[in-house]
S.K.: 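Starting off with a structure, shown below.
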Amino acid sequence: MFHVLEKRISEAVSARIAALYGIEFAVQTEQPKQASFGEVAIAAAFQLARQLKKAPKAIAVEVADGFTVDGVSSIEIAGNGYLNVRLDRGSYAWGLIAGEAQAGAHGAGKIIVEHTNINPNKAAHIGHLRNAILGDTFVRMLRATGETVEVQNYIDNTGVQVADVVIGFRRLENKSAENVRDLITSTRFDYLCWDVYTRISAYYQDHKEDAAEWRRETLHAIEADEGADAEIGHLVADAIVDAHLQTMLRLGIEYDVLPRESEILHLQFWASAFEQLKQRQAIYFETEGKNKGCWVMPGAAFRDDPQGEEDSKVIVRSNGTVTYVGKDIAYQLWKFGLLGKDFYYRKWYEYPDGHPLWASTDQPQANDLHFGGGSRVYNVIDSRQSYLQDVVVAGLRALGYAEQADRSVHFSYEMVALSPRTCVELGIELSEEDKRRPYVEVSGRKGLGVKADDLIDKLIENALIEVTSRHPEEAAEARKRVASEIAVGALRYFMLKFTRNSLIAFDFSEALSFEGETGPYVQYAAVRARNILRKLEERGEKIPDFRAALPLEALARQLNSNEDCWQLLLAASKSDSAIERAVASGEPSHAARYAFQLAQAFSNFYHEFPVISETNPEKKTFLLWMTEYFRAQLERTLAVLGIEVPEYM
RNA sequence: GGGCGCGUAGCUCAGGUGGAUAGAGCAUCAGCCUUCUAAGCUGAGGGUCGCUGGUUCGAGUCCAGCCGCGCCUACCA
């Protein structure tokens, strides 16, 4: 609603300026610093001052003189040339009641968002949670603005990390495929693999030659899909993928398709990409120097001022195998439908809500499913991989796909590290050097990190204590469900409140907090809004039909006589523009912060206006509508963040 | 060395395309529960926006140079 009006105002002022001065000027609207200045501010007079050789104030006077816009009650000149716009409150509110929201139909093509992408060789940790929560929230934001989105979770089931766990089971633990199969059903397998991976990594420290030899053998066996190594590789990767899916499902995160590395290999995706790269001369065969015998991409393709050979990137090794980046170029081509190939798909899992999850397969299937072929691609990958992402995009560009290269977005974010205090709580021994640092990097190899499920469990445990102390009379099952929703709300909000390039030094006490700027604070506001409406019905009163009960004049009367209500309503009506802005800037944190501000606004409303006990009938109806509107807006915004509203708190 | 990013209140962080008095949460202190749930609300204190220059009517925001910190810079993924 608000952004519709903003747009109308900026267009009208632009037209006005064109009529007055005969120039094209795209007027920007902004939010006034103070609420008392009005609802929309325009600084155009300052920007035009030089061009028109006039004082800003004089321009503002000319623009504002006799100028009106539909839905605007007044335009004032303030300061040295600001135009402050005041909305017609009654008609604004009436528009909200009548539901004049209408999301503009976006959707020129499918958007692909790839996130999570955890190596399927051990339990997920908090760093992975940031990736998945950022990605999932961005998907929800896009869908809220009307986009069609396909969610991909890439599974590297044939890489060294899986190989290392296979080696751990085979060489350190002496396990057969049959043993591993048993372990999958009888143990917390993703946790077991976490430990196996830590042990084999530690073993490599002292046995470098074994590492190289065993990895070569095992990777070869896995790629060829032969023997016990390959079998264990399948068992491990598939079981861990399932574990990750369950972990993410606890947070409400679902995927559409799992493109897997094994099919990229078996269906020769790389061979097709390799042909294209050679044909277009995006890569060349190096005949001398340190990269002799490799196919490399010259540094000039992805660097502004390459330092020479040092900067070229090996795509195919001298032994003929392709690097990760090479495979990623093939994968990226497929995402845009530029590879000329597709996977086959089999159903991997059906979510409790009925949503099917498909996974790639190399065997033809009865279905005729197709994925990929997006018009825009977001890769949610941490900022440490920006160099590799640059190379992938350079690959597209070198192949002549400039447009797709521009639409390949590295949705990067900084890592999640551990605060020193949290390390102490986890019983992790820190070196003197680490103790002086503000944070300690998570390391899967060292087993140094907080497992996702452990954190979620701990959050639920803490939430359950709070819930039980407040609502001892409620059924245990319901309390558990509420505690879980609060825990998820806390976790998702915590991961979203920071901007993407802010490094999170994970701290238990901070993450476990349910007060202040947290998910539960926002949930609490929504629960209280619902409570008011519920209490009313419990008293035998009915929620009025607001369209009939609140004519425009009544709305104008209420809003003009009460500044606080107007400000609160205004804030609540900005959810669409907040989400749009968050999408445009690629910052889910903006959406999270808006949710918090909205909750703050409602908390103020809650304390200032006793709704049910209000004796003036018109005012009571009006306050009820405000409550209902806040409830709807809070719930919509929380849904975009992937946070549920508990029955009670 | 090069690339990317960061430096704002005691702590953790926000600060659309430069604009009107730099914000929030936590922590601290002082208040508010016979009235829709105190996971809440009200108020107070707390700032050389790393430093120095520049651009201009105007800089936390843009530019340059410093200082400090982090990540990346593999024929690992």
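Values below: every heavy atom of this structure, side chains too, minus hydrogens, waters and symmetry copies. The sequence lines fix the lettering, A, B, ..., with proteins before strands; numbering per chain opens at 1. Small disclaimer: the values here were computed from a predicted structure and weren't measured.
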S.K.: Can you tell me, in whole Å, how much space there is between the P of B/rG16 and that of B/rG50?
M.R.: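 Each nucleotide's P atom is 15 Å from the other's.
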S.K.: Return the nearest nucleotide to the side chain of A/Lys313; candidates are B/rU42, B/rA74, B/rU17.
M.R.: B/rA74
S.K.: Side chains of A/Glu223 and A/Thr158: is there a donor and an acceptor less than 3.5 Å apart?
M.R.: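 Per modelled atom types, A/Glu223 and A/Thr158 side chains form no pair under 3.5 Å.
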S.K.: Is any side-chain N or O of A/Glu510 under 3.5 Å from a base N or O of B/rU12, one able to act as donor and the other as acceptor?
M.R.: no
S.K.: With distance as the sole criterion, do the side chain of A/Asn117 and the base of B/rA77 form a donor-acceptor contact below 3.5 Å?
M.R.: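 Not at all, since no donor on one side and acceptor on the other fall under 3.5 Å apart.
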S.K.: Quick one, which residues of residues 485-499 of chain A touch RNA chain B with a heavy atom under 4.0 Å?
M.R.: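 Residues of residues 485-499 of chain A under 4.0 Å from RNA chain B: A/Ile486, A/Phe498, A/Thr499.
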S.K.: Tell me every residue that passes side-chain contact (heavy atoms from CB on, under 4.5 Å) with A/Pro646, counting only those two or more places apart in sequence or in another chain.
M.R.: A/Val482, A/Glu485, A/Ile486, A/Gln523, A/Val527, A/Met649
S.K.: With no hydrogens and no angle check, is any side-chain donor or acceptor of A/Thr518 less than 3.5 Å from a backbone partner on A/Ala490?
M.R.: no
S.K.: Give every donor-acceptor pair under 3.5 Å between a side-chain atom in residues 600-607 of chain A and any protein atom, sequence neighbours left out.
M.R.:
| residue | atom | partner | partner atom | Å |
| --- | --- | --- | --- | --- |
| A/Ser603 | OG | A/Tyr521 | OH | 3.3 |
| A/Ser603 | OG | A/Ala599 | O | 3.0 |
| A/Asn604 | ND2 | A/Gln600 | O | 3.3 |

S.K.: Can you tell me which nucleotide in B/rG70, B/rG40, B/rC71 comes closest to the side chain of A/Leu503?
M.R.: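 Comparing B/rG70, B/rG40, B/rC71 against the side chain of A/Leu503, the answer is B/rG70.
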S.K.: Please list, chain by chain and in numerical order, all residues satisfying side-chain contact (heavy atoms from CB on, under 4.5 Å) with A/Arg479, sequence neighbours excluded.
M.R.: A/Leu464, A/Val467, A/Thr468, A/Glu474, A/Ala476, A/Tyr648
S.K.: Where the side chain of A/Asn501 is defined as all heavy atoms beyond and including C-beta, which of B/rC6, B/rC41, B/rG25 is the nearest nucleotide?
M.R.: B/rC6
S.K.: Nearest-nucleotide wise, let me know which of A/Val160 and A/Ala78 is further upstream toward the 5' end of RNA chain B.
M.R.: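 This one resolves to A/Ala78.
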S.K.: For A/Ala511, enumerate each residue passing the side-chain contact (heavy atoms from CB on, under 4.5 Å) test, keeping only those at least two apart in sequence or located in another chain.
M.R.: A/Phe494, A/Phe506
S.K.: Below the 4.0 Å mark, does B/rG25 have OP1 or OP2 next to a side-chain nitrogen or oxygen of A/Gln600?
M.R.: yes
S.K.: What's the shortest heavy-atom distance between A/Phe508 and A/Lys458, and which atoms?
M.R.: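 A/Phe508 and A/Lys458 have their closest heavy atoms at CE2-CD, 4.0 Å.
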S.K.: Select one nucleotide: of B/rA20, B/rA77, B/rA24, the one nearest the side-chain heavy atoms of A/Phe37.
M.R.: B/rA20
S.K.: Please report the distance separating the P of B/rA77 from the corresponding atom of B/rU61, rounded so that it comes out in whole Å.
M.R.: 42 Å
S.K.: Near RNA chain B, under 4.0 Å by heavy atom, which residues of residues 582-594 of chain A?
M.R.: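 Residues of residues 582-594 of chain A that come under 4.0 Å of RNA chain B are, in numerical order, A/His590, A/Arg593.
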S.K.: With P as the reference atom in both, quote the distance from B/rU48 to B/rA64 in angstrom, rounded to an integer.
M.R.: 27 Å
S.K.: Among A/Asp382, A/Asn501, A/Thr499, A/Asn131, whose side-chain hydrogen bond (donor to acceptor under 3.5 Å, both in side chains) with A/Tyr413 holds?
M.R.: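 Result for side-chain hydrogen bond (donor to acceptor under 3.5 Å, both in side chains) with A/Tyr413: A/Asn131.
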S.K.: Counting Watson-Crick and G-U wobble pairs with both distances under 3.5 Å, what is the dot-bracket string for RNA chain B, 5' to 3', using [ ] for crossing pairs and | for pairs to another strand?
M.R.: (((((((..((((.....[...)))).(((((.......))))).....(((((..]....))))))))))))....
S.K.: Measure all distances between protein nitrogen or oxygen atoms and nitrogen or oxygen atoms of nucleotides 54-57 of chain B, and list the pairs falling under 3.5 Å.
M.R.:
| residue | atom | partner | partner atom | Å |
| --- | --- | --- | --- | --- |
| B/rU56 | O3' | A/Arg50 | NH2 | 3.3 |

S.K.: Nearest-Å distance, CD (A/Gln385) to C1' (B/rC72)?
M.R.: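 Rounded to whole Å, this separation is 10 Å.
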S.K.: Sequence neighbours left out, what passes side-chain contact (heavy atoms from CB on, under 4.5 Å) with A/Phe622? Give chain and number order.
M.R.: A/Leu550, A/Leu555, A/Gln558, A/Leu559, A/Cys565, A/Trp625, A/Met626
S.K.: What residues, two or more places apart in sequence or in another chain, satisfy salt bridge (Lys or Arg N to Asp or Glu O under 4.0 Å) together with A/Lys620?
M.R.: A/Glu541
S.K.: Kindly point out which of B/rC72, B/rA77, B/rG25 is positioned nearest to the side chain of A/Asp156?
M.R.: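 Among B/rC72, B/rA77, B/rG25, the one nearest the side chain of A/Asp156 is B/rA77.
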S.K.: Given B/rA39, B/rU17, B/rA20, which nucleotide is nearest the side-chain atoms of A/Phe514?
M.R.: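 My answer, after comparing the listed nucleotides, is B/rA39.
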S.K.: Please write out each protein N/O paired with an N/O of nucleotides 30-37 of chain B under 3.5 Å, distance rounded to 0.1 Å.
M.R.:
| residue | atom | partner | partner atom | Å |
| --- | --- | --- | --- | --- |
| B/rC36 | O3' | A/Lys535 | NZ | 3.4 |
| B/rC36 | O2 | A/Val611 | N | 3.4 |
| B/rC36 | O2 | A/Ile612 | N | 3.3 |
| B/rC36 | N3 | A/Val611 | N | 3.2 |
| B/rC36 | N4 | A/Tyr606 | O | 2.1 |
| B/rC36 | N4 | A/Phe609 | O | 2.8 |
| B/rU37 | OP2 | A/Lys535 | NZ | 3.2 |
| B/rU37 | O5' | A/Tyr606 | OH | 3.3 |
| B/rU37 | O2' | A/Tyr524 | OH | 2.7 |
| B/rU37 | O2 | A/Met649 | O | 3.4 |
| B/rU37 | N3 | A/Met649 | O | 2.3 |
| B/rU37 | O4 | A/Met649 | N | 2.7 |
| B/rU37 | O4 | A/Met649 | O | 2.9 |

S.K.: Pick the P atom in B/rG43 and in B/rG60, then give their distance to the nearest Å.
M.R.: 27 Å
S.K.: Taking donor-acceptor contacts at under 3.5 Å, does the side chain of A/Ser502 reach the base of B/rC13?
M.R.: no
S.K.: Apply ring-ring contact (aromatic ring centres under 6.0 Å, His included) to A/Phe25 and list each qualifying residue two or more places apart in sequence or on a separate chain.
M.R.: none
S.K.: If the threshold is 4.0 Å, N to carboxylate O, is there a salt bridge linking A/Glu213 and A/Arg216?
M.R.: yes
